[in-house]
Amino acid sequence: MRIAVLGGDGFVGWPTALHLSNLGHEIHIVDNLSRRWIDTELGVQSLTPMDSIQERCRIWQQETGRKIHFHLLNLATEYERLKQWLADLRPDAVIHFAEQRAAPYSMKTDRHKVYTVNNNTNATHNLLAALVETGIDAHLVHLGTMGVYGYSSVGAPIPEGYLDIEIDTPSGKKGQQILYPTKPGSVYHMTKSLDQILFQFYAQNDGLRITDLHQGIVWGTHTDQTRRHEQLINRFDYDGDYGTVLNRFLIQAAIGYPLTVHGTGGQTRAFIHIQDSVRCIELALNDAPEAGERVRIFNQMTETHRVRDLAELIGKLTGAEVAYLPNPRKEAEENDLIVKNDQFLALGLQPITLADGLLTEVVEVAKKYAHRIDRSRVPAVSAWTKDIAKRVEHDPEGKRLRSVS
């Protein structure tokens, strides 16, 4: 297949592009490189050293003989260019990662909120409109998030996208399926909820073939393809805005930093290893809906864990101390999370679950590149409200100079 990977320079986009190229597909990465500019804005860098996207693609071709094409394009602001590019390329499938992906970053300031909505929502809608206008019958696979469901305890498994309900009518109760109600916990999660509505409309109105993957938190470093050469290594975020919780714990353990648990640590989250993430995208690509079908929704996760349980696990594995800090997020202190992921299991996914070997691998990567870590960027300090911001802990290590007068 000829596949366009939108946002293919990112944390999940890059290993996905390599994985699909390795399977023999013709891969075209489209990216505006905004994630690299955000690193500059935040004054932080990936733990792992990253070459330019052009150099990464060159190394991949050198190692495998397979070419990955790169196109510099901003989906959110360059609609006419996007439409012409699609008309020229005519891909068989489009994988959409091209959205600002961090909840904390989306809540930093009003400017970050506006940027996240403009970037994410416009990128998605521009893509959908361009697919309709060009008449391209491409399977669109979108990387969404489990966070659209919110993190509250409902006491029942969260289904894959659709909820069976009964409504009262004059002639009695009638069954119906609706989109599972969203309860986004950040502006970022809100944009993913808006994506769902856009997908439903364009599927029913224009017959677009769409799969929406509600993904859990990704952890891990390598896939089979990124191991092939040091310059193919994936980006690895550790800072308080972009670092995912399990990866952050493992990095903190590697550099002797307290494992920062916010609030009670009773938040339950869904997780998936990076290797499983790219495998799920492959499986979804091969199970495309027909034109006229409703949006196909998968829960892309393999296991759930409480944050404090993860911290205790990493603490026992590495000897790291656990620090309980005020929570910068506005969320329930405790929640359960029961999630169905039957569709991927039925398609043949054999999940990678938390194992000492893989956890140790991440710690070893963190130790190798520990000299690149700026400890001042480790704390999570982006607060959900101005009131919460007043109690955020900026100095978990207690190293700030203090007055003695």
Side-chain angles (χ1 to χ4, degrees), residues 10-20 22 46-50 101 143 145-146 213 215-239 242-257 259-261 265 267-283 299-322 337 339 341 344-345 347-370 372-373 378:
F11 175 49
V12 182
W14 174 245
T16 297
L18 296 187
H19 181 78
L20 296 175
N22 191 62
S46 166
L47 170 72
T48 51
M50 288 171 54
R101 69 168 179 84
L143 191 68
T145 170
M146 289 292 303
L213 307 176
Q215 181 164 259
I217 296 169
V218 182
W219 67 281
T221 48
H222 287 298
T223 64
D224 293 340
Q225 288 73 47
T226 63
R227 287 189 180 92
R228 297 184 68 150
H229 192 286
E230 187 168 14
Q231 287 173 273
L232 295 175
I233 197 167
N234 199 19
R235 76 171 297 121
F236 195 104
D237 299 305
Y238 66 87
D239 63 285
Y242 274 88
T244 59
V245 61
L246 180 53
N247 278 356
R248 275 169 51 80
F249 283 166
L250 292 164
I251 284 178
Q252 289 168 344
I255 64 172
Y257 197 101
L259 308 185
T260 50
V261 175
Q267 308 93 337
T268 304
R269 298 289 189 260
F271 293 88
I272 186 169
H273 189 270
I274 186 67
Q275 181 71 62
D276 275 346
S277 183
V278 300
R279 172 68 174 138
C280 284
I281 292 162
E282 174 201 344
L283 292 171
N299 288 338
Q300 187 164 307
M301 49 72 65
T302 55
E303 56 190 324
T304 60
H305 297 277
R306 288 191 189 277
V307 170
R308 62 170 172 257
D309 294 338
L310 287 177
E312 291 173 6
L313 174 67
I314 305 305
K316 290 178 181 177
L317 180 68
T318 64
E321 296 182 358
V322 178
L337 186 63
V339 183
N341 63 343
F344 274 132
L345 297 178
L347 291 175
L349 178 67
Q350 297 178 328
I352 298 169
T353 54
L354 294 181
D356 288 354
L358 288 170
L359 296 174
T360 302
E361 173 195 287
V362 179
V363 174
E364 289 172 351
V365 170
K367 287 180 177 177
K368 179 177 180 179
Y369 296 109
R372 293 173 54 84
I373 294 177
V378 173

**Student:** Walk me through it: do W219 and L359 pass the test side chain to side chain contact (heavy atoms under 4.5 Å, CB included)?
**Tutor:** CA-CA 9 Å; W219 67 281; L359 296 174; 3.9 Å; yes

**Student:** As a test of understanding, state which of V362, I314, I217 forms a side-chain contact (heavy atoms from CB on, under 4.5 Å) with L246.
**Tutor:** I314

**Student:** Under the side chain to side chain contact (heavy atoms under 4.5 Å, CB included) criterion, do F236 and I251 qualify, and how do the steps go?
**Tutor:** CA-CA 10 Å; F236 195 104; I251 284 178; 2.8 Å; yes

**Student:** Using a 4.5 Å cut-off on heavy atoms from C-beta on, say whether the side chain of Q300 contacts that of S277.
**Tutor:** yes

**Student:** I'd like to check the salt bridge (charged side-chain N to carboxylate O under 4.0 Å, His left out) partners of R269; sequence neighbours left out, ordered by chain and number.
**Tutor:** E331

**Student:** How many angstroms lie between CG in L358 and OG1 in T353, if you round to the nearest 0.5 Å?
**Tutor:** 8.5 Å

**Student:** Please tabulate, one pair per line, all N/O donor-acceptor pairs under 3.5 Å involving side-chain atoms of residues 363-370, not counting sequence neighbours.
**Tutor:**
| from | atom 1 | to | atom 2 | distance (Å) |
| --- | --- | --- | --- | --- |
| K368 | NZ | E230 | OE2 | 3.2 |
| Y369 | OH | E230 | OE2 | 2.9 |

**Student:** So, T226 side chain and H222 main chain: donor-acceptor pair closer than 3.5 Å or not?
**Tutor:** no

**Student:** Got a second to check how far Q350's CD is from T302's OG1, nearest 0.5 Å?
**Tutor:** 13.0 Å

**Student:** Between R306 and Q267 (side chain of the first, backbone of the second, donor and acceptor by atom type, cut-off under 3.5 Å), is there such a pair?
**Tutor:** no

**Student:** Using the side-chain hydrogen bond (donor to acceptor under 3.5 Å, both in side chains) definition, which of the options T244, T145, D237 pairs with R101?
**Tutor:** D237

**Student:** For a side chain to side chain contact (heavy atoms under 4.5 Å, CB included) check, start with the C-alpha distance between L18 and T223, then their side-chain angles and the critical distance, and finish with the verdict.
**Tutor:** CA-CA 9 Å; L18 296 187; T223 64; 5.5 Å; no

**Student:** What verdict does the side chain to side chain contact (heavy atoms under 4.5 Å, CB included) test give for V12 and Q215, after you've listed the backbone C-alpha separation in whole Å, the side-chain angles of each residue and the deciding distance to 0.1 Å?
**Tutor:** CA-CA 11 Å; V12 182; Q215 181 164 259; 4.1 Å; yes

**Student:** Any luck finding a side-chain donor-acceptor pair between E282 and H19 under 3.5 Å?
**Tutor:** yes

